[in-house]
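Structure first, commentary second.
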2 protein chains.
Amino acid sequence: MPLHLRAGQALELLRSIALAEVRDDAPDLSLRQMAILLTIYLDPPPHTVRGLAAKLNVTKPVVTRALDTMGAKKLVSRHRDERDRRNVLVKRTLEGALYVERLGDVVIARGGELPL
Amino acid sequence: MPLHLRAGQALELLRSIALAEVRDDAPDLSLRQMAILLTIYLDPPPHTVRGLAAKLNVTKPVVTRALDTMGAKKLVSRHRDERDRRNVLVKRTLEGALYVERLGDVVIARGGELPL
DNA sequence: CTGTTTCGTTTCGGTACCGTATCATTCAAA
DNA sequence: TTTGAATGATACGGTACCGAAACGAAACAG
């Protein structure tokens, strides 16, 4: 059964998500970083810096910096493309998959608490 | 794998929200700021710096800085409490209400696909 | 080879944020 | 009236981020 959210419920869901991220000591990503991370984990590979920048409508340095930060947190990894060594291929990691999975759980859990 | 499907849709919802915020030239708030803003607009007043800090489990300077930033963007306003001049009362603005309403629209637009 | 284009990265100046600690103002109790 | 507590703002050192520009490496075209 599809959920038909009313405005107040939609905003409560959004606040629950934001709150869960704020309260936890989980790696708190900016919205940009979250959009990049979710794209990597939801869209089929391969993912390149340029491709991600174009898809999200941000500049390349933004992607590079986001990959720096999330790479330090082991949420993604970078590898040179051996077929075209100009390219960098962005790949998923176990830690990143767990983080994304937990993120989905938060949405589902909080969504389930909404009064319908 | 029905569980996987539901998780995937929850994450798509989350990505849609993040993407909408990234692509627009809308004031891009951090998750902390968003949690503060939504609390102001969803919970009944009055809202004080200390109260918000306690409710969100963050320090007072975090709230002060968030109010600085969002105040500059006219999303909230601050007023001294005349009954106890130590307090600062945080109030809603027209611009803030419009921003929050738009935020709810984004969730609703994508939320119909989220099964619960 | 020698440009030229395409990558991703780095640099630059500037802004915003963090947590801790401290501040001035205000109120309230001794 | 003086002392203490409470509130919100600010100083500090550090980190991360932004857009624009310049950069080196790699691929490509002639």
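Residue numbers start from 1 in every chain, and the chains themselves are labelled A, B, ... in the order their sequence lines are given, proteins ahead of strands.
At D:dA9, one or more side-chain N or O atoms of B:Arg78 fall inside 4.0 Å of OP1 or OP2 (strictly under the cut-off). B:Arg80 has no side-chain polar atom (N or O) that falls below the 4.0 Å cut-off from OP1 or OP2 of C:dT26. B:Gln33 has no side-chain polar atom (N or O) that falls below the 4.0 Å cut-off from OP1 or OP2 of C:dA16.
Among the atoms of the strands shown, none is found under 4.0 Å from any heavy atom of B:Val63. Using a 4.0 Å heavy-atom cutoff across all strands shown, A:Ser30 reaches no nucleic acid atom at all.
Listed nucleotides D:dG19, C:dC27, D:dG8 differ in distance to B:Arg85; the shortest reach to its side chain belongs to C:dC27. Nearest to the side chain of B:Asp84, among C:dC27, C:dT9, C:dG19, sits C:dC27. Residue B:Arg32 has its side chain nearest to C:dG19 when only D:dT10, C:dG8, C:dG19 are considered. The side chain of A:Thr69 approaches D:dC17 more closely than any other nucleotide in the set D:dA9, D:dC17, C:dC7. Among the nucleotides C:dT20, C:dT9, D:dA9, the one closest to any side-chain atom of B:Thr59 is C:dT20. In this structure, the nucleotide among D:dA27, C:dT9, C:dC18 sitting nearest to the side chain of A:Arg86 is D:dA27.
Note: CZ (A:Arg65) to C1' (C:dG8) measures 13 Å, nearest angstrom. Between the P atom of C:dC7 and the CZ atom of A:Arg50 lies a distance of 5 Å, rounded to the nearest Å. For the pair B:Leu67 CG and D:dT10 P, the interatomic distance rounds to 12 Å; values are reported in whole Å. What separates CD of A:Glu82 from P of D:dA25 is a distance of 17 Å, to the nearest Å. Spacing between atom CG of B:Asn87 and atom P of D:dA9 amounts to 11 Å, rounded to whole angstrom units. If you take NE2 of A:His47 and C1' of C:dG8, they are 17 Å apart, rounded to a whole angstrom. Atom NE2 in A:His79 sits about 15 Å away from atom C1' in C:dG8, given to the nearest Å. Rounded to an integer number of Å, the gap from NZ of B:Lys60 to P of C:dA24 is 15 Å.
Atom CZ of B:Arg65 and atom CZ of B:Arg32 lie 8.5 Å apart (nearest 0.5 Å). Between A:Asp43 atom CG and A:Lys55 atom NZ the span is 4.0 Å, to the nearest 0.5 Å.
Contact of the A:Val63 side chain with the A:Val90 side chain is not registered, since no non-hydrogen atoms from C-beta on lie closer than 4.5 Å.
Across all their heavy atoms, A:Tyr41 and A:Leu75 have their closest contact at OH-O, 2.8 Å.
For the salt bridge (charged side-chain N to carboxylate O under 4.0 Å, His left out) test with B:Glu82, the passing option among B:Arg86, B:Arg80, B:Arg85 is B:Arg85; the others fail.
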